[in-house]
Amino acid sequence: MRIGVFVCQCGTNIAATVDTEAVAEAAMSMRDVYHAESIQYSCSDPGQRQVIAAAHQHRLDRVVIAACSPRMHETTFQRAVIQAGINPFMLEMVNIREQCSWIHEDREVATTKAIDLVAAGVARVRGQVPLKRGRVPVVGEALVVGGGIAGIQAALDIADAGMPVTLVEREPTIGGNMARLDKTFPTLDCSSCILTPRMVELKHHENIRLMVSSEVTAVRGYIGNFEVDIRKKATCVDEEKCTGCRICEEKCPSRAPDEFNAGVGESKAISIAFPQAVPLVAALRKEHCRQFIKGKCGVCKKVCPADAVDYEQEDELHTEKFGAIIVATGYRLFDWEGAYPDYGGGLYPDVITSLQYERMLSASGPTGGHIVRPSDGREPRDIVFLSCVGSRAESVGRPFCCNVGCMYIAKQAIQTREHLPDSRCYVFYMDVRACGKGYEEVYRRAQVEAGAVYLRGRVGKIYPRGDKLVVMGTDTLIGDQVEIETDLVVLAVGFAAAEGAGELARRLNIAYDGYQFFTESHPKLRPVETTTGGIFLAGACQGPKDIPASVAQASAAAAKAIRLLSREDLETSPMVAEVNHMRCIGCFKCAEVCPYNAIEKQKLHDGRTVAVIIESLCQGCGLCNVACPPQVISLRGYTDNQLISEVVEVLR
Amino acid sequence: MIEAAKTIRAGEEMLAEIERRSGQDVSSCYQCGTCSSTCTATLAFDYPPHLFMRLLQLGLVERALASRTAQMCYDCMTCSSRCPVGIDVADVIETTKNIADESGRSRPPKEVALFRRLFLRNVCRHGRLHEAGLLAWYNIKSGQFFNDLSLVPLVLRKKKVHLVPPRIRQRRELRRIFRQAKTKPGAK
């Protein structure tokens, strides 16, 4: 056994607080160490060459690098030792930078600690054996969860690269929130005109399978080999037979809330959300249907010319295998009513959300594109917009910016002037954030061309006066209170994560923040990856974003998925569990705790039944290692003996 | 408290008049404050230039018409030259002042009116401003005989002010311009 120790100076990062020469000298006296030296920058090319040369010269078979975190440069040095003819797992990184030089001031103390850490590393590497990576085949199909613009974009990108994609959407149609928008900033082009071609393309793409009214209920497996349970909810309509004629909707006697139109207007228990829905298939909501509530009705079944209505239809459970998963579950509006009693808390019909206003602006919306007061159907003359409702407000638990409010207010103000030339918009704002390409221009257009009056301040209270509303605000620019008697108030309500986002994250085993937005692996350098390999993020499920950013992220996520799916197999980590069959008592405590179902039973020739690790499934978490009563399971690369000898060295 | 919807509607017509005559778009001001940062006369103002613009934006035109800002601005044009939007702020203020004067809503302070009269007479007579003459006349007419007198040796030595009036050619033409200007509506 011949160990080499290399102590990195990292310029002055380490050398300023740790006497690297002294550490190297101390290492020379450790057992089995045949060479030790201090290197100025061990990760640099000359530094690596120095390691390789020393390994050859001293015939080293194990290498300890005392430098930075293995997260920074472990692969760098693994590559170097391979060049020196050493197994990459015979390398041990000792972190004397983040965990030593950077956190200590006293040079003597830091040097002593560094020597201890190196001694522990030497002890550990002494117990190391050469390991070999396994290979596991990759399932060549992708799953996209969520059929909004981000999910659509990601699915199309992957499918266009020639790989099969399944898109799972919870609602009966794809399109998501973008389908509800009338126009989109900054160009003010019609939202459905740019979205629906994509929806149709997706529907007819030979590589895409669309599953609507469906939800992911369980996820097992790991990168390249996910096994996903998908529940297709019963909609009581046969997708194959339904022609989308909407006769059932017309004749249905049961009224139901109109979620697609954000509650403006009413819908029926059996309905199609909007004329361009994909697939153009009706769906029945049992909780509002007379047939299911009272047990008799059957009108839709009777009138359906295609005989597509089937009250007996049941949920279907599908289990599919995927190599990569893209999560694009989007957002919903923050539930403002409970948080803002000062704005009426939903009591005043003429205080509406920006999404409800958007539905009113839409020609295919419930008011046919006419802006009217919900209370009396009159056209408003003065319209007040409030920005940051449920955004940038610690008091209601939403401290972040919604990213889009400023822009859609400006857009809606411009549209309002087009719809009602005699009206005037007033906008209460804290800051106007118009950072995208062409965004400032939209904001200026709202002010200068559409005559919107911007008032800098938050609104304190809204109360009714006669059939009007009084908005009490301030304008900090003039330094005075401002009161506006108005006909309509539009709240720019902030973003919240989609319903059930946290639950889905737990099923997928990905991280999410306090607002249930999914967390990217690194905020700058890994913006579409999750902390779980093979699962990627796209769109507003990761945080508030506008359409251009969602689409960009979706394409980025698709590229990552394609990169994964285009591989035939993946290297697995050799750091997996191992059972000593001679001593296994067959209690299978290990199988009980294993989160990856990686342990199976095997009958030996001598009649005993023992535990066997399926190496391609094992993720090396170590739970079985701990749970095993006779302590016969060990983790390769982290055996009990290795860890104990490491601890002993530190404590010596 | 400002009832913005009412004030804006009430001030709409007057604001349109100011915008038409000055050729400036008051709504395009985004209240950055460069004009006020750079203004050389704010110490004499009740509203610094950006607030003057804000008054107009909120329809508080009457307040702007009656303001000291409108009367005391001496058109140095620094605000206009530095405005990032390119608004001629000084022109907006000047136009407001003119409207205030014409409609009799406000009268310039006595000294300001006197200074303006003497200034124009001075330019009309010499073709260019004769500062020493203007200073002398202003002190005599306003009764503040010793105002700024201590500065005279300094400005003479530095040749900032000349005792001999400047002369231009074609003074007759100049007088005609003045005569014609006086016939314009609103001129005094």
Side-chain angles (χ1 to χ4, degrees), chain A residues 380-386 406 410 413-414 417 422-434 440-457 459-462 465 468-489, chain B residues 1-16 18-20 22-37 39 42 45-67 69 83-89 92 96:
Chain A
R381 192 175 69 148
D382 292 312
I383 300 162
V384 175
F385 289 84
L386 269 54
C406 293
I414 294 168
R417 189 39 84 88
D422 293 331
S423 68
R424 191 184 295 278
C425 293
Y426 302 85
V427 181
F428 283 96
Y429 71 99
M430 296 206 289
D431 297 290
V432 172
R433 296 178 171 177
E440 175 73 10
E441 290 85 334
V442 175
Y443 159 49
R444 299 291 287 157
R445 212 177 128 191
Q447 279 188 316
V448 179
E449 284 175 33
V453 178
Y454 275 67
L455 299 150
R456 207 218 150 268
V459 166
K461 190 169 175 60
I462 300 171
R465 182 189 288 161
K468 293 198 161 204
L469 291 160
V470 179
V471 179
M472 289 172 65
T474 186
D475 180 43
T476 61
L477 300 175
I478 199 95
D480 202 350
Q481 283 182 311
V482 173
E483 186 185 286
I484 297 176
E485 205 177 76
T486 186
D487 302 301
L488 188 65
V489 176
Chain B
M1 202 252 299
I2 300 164
E3 290 186 69
K6 287 183 188 157
T7 55
I8 289 173
R9 236 169 266 279
E12 218 162 24
E13 209 174 299
M14 194 65 92
L15 178 60
I18 293 171
E19 288 188 324
R20 189 186 58 76
S22 63
Q24 305 302 313
D25 186 348
V26 172
S27 71
S28 68
C29 167
Y30 52 36
Q31 290 284 300
C32 68
T34 307
C35 49
S36 296
S37 326
C39 177
T42 41
F45 288 1
D46 40 6
Y47 301 103
H50 80 278
L51 271 187
F52 188 87
M53 296 296 284
R54 191 66 181 155
L55 287 174
L56 297 179
Q57 286 182 334
L58 294 181
L60 304 167
V61 185
E62 291 297 338
R63 269 204 231 173
L65 287 166
S67 67
T69 304
C83 174
V85 183
I87 303 171
D88 191 338
V89 184
V92 174
T96 312

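What you see is a predicted model, and the numbers here were worked out from it, not measured in a lab. For the numbers below, each heavy atom of this structure counts, side chains included, while hydrogens, waters and symmetry mates do not. All chains are named by letter (A, B, ...) in the order of the sequence lines, taking the proteins before the strands, and each is independently numbered beginning at 1.
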Among Val384(A), Val482(A), Val470(A), which residue has the highest count of heavy-atom pairs closer than 4.5 Å to chain B? Val482(A)
pair Arg456(A)-Arg54(B): side-chain heavy atoms closer than 4.5 Å: no
Which region of Leu55(B), side chain (C-beta onward) or backbone (N, CA, C, O), has a non-hydrogen atom less than 4.5 Å from a non-hydrogen atom of chain A, or is it both or neither? both
Side chain / backbone / both / neither for Val85(B) at chain A, heavy atoms under 4.5 Å: side chain
Please classify the contact between Val453(A) and chain B as side chain, backbone, both or neither, with a heavy-atom cut-off of under 4.5 Å. side chain
Say you draw a straight line from OG of Ser28(B) to CD of Glu449(A); how long is it, rounded to the nearest 0.5 Å? 11.5 Å
Side chains of Val432(A) and Tyr30(B): does their closest heavy-atom pair fall under 4.5 Å? no
Relative to chain B, which of Leu455(A), Val471(A), Asp480(A) shows the most heavy atom pairs under 4.5 Å? Asp480(A)
So, applying side-chain contact (heavy atoms from CB on, under 4.5 Å) with Gln31(B), which one of Asp475(A), Ile478(A), Leu477(A) is it? Leu477(A)
Checked Gln447(A), Glu483(A), Gln481(A) vs chain B; the most non-hydrogen pairs under 4.5 Å come from Glu483(A)
Residue pair Ala5(B) / Glu485(A): nearest heavy atoms and the distance that separates them: CB-O, 4.1 Å
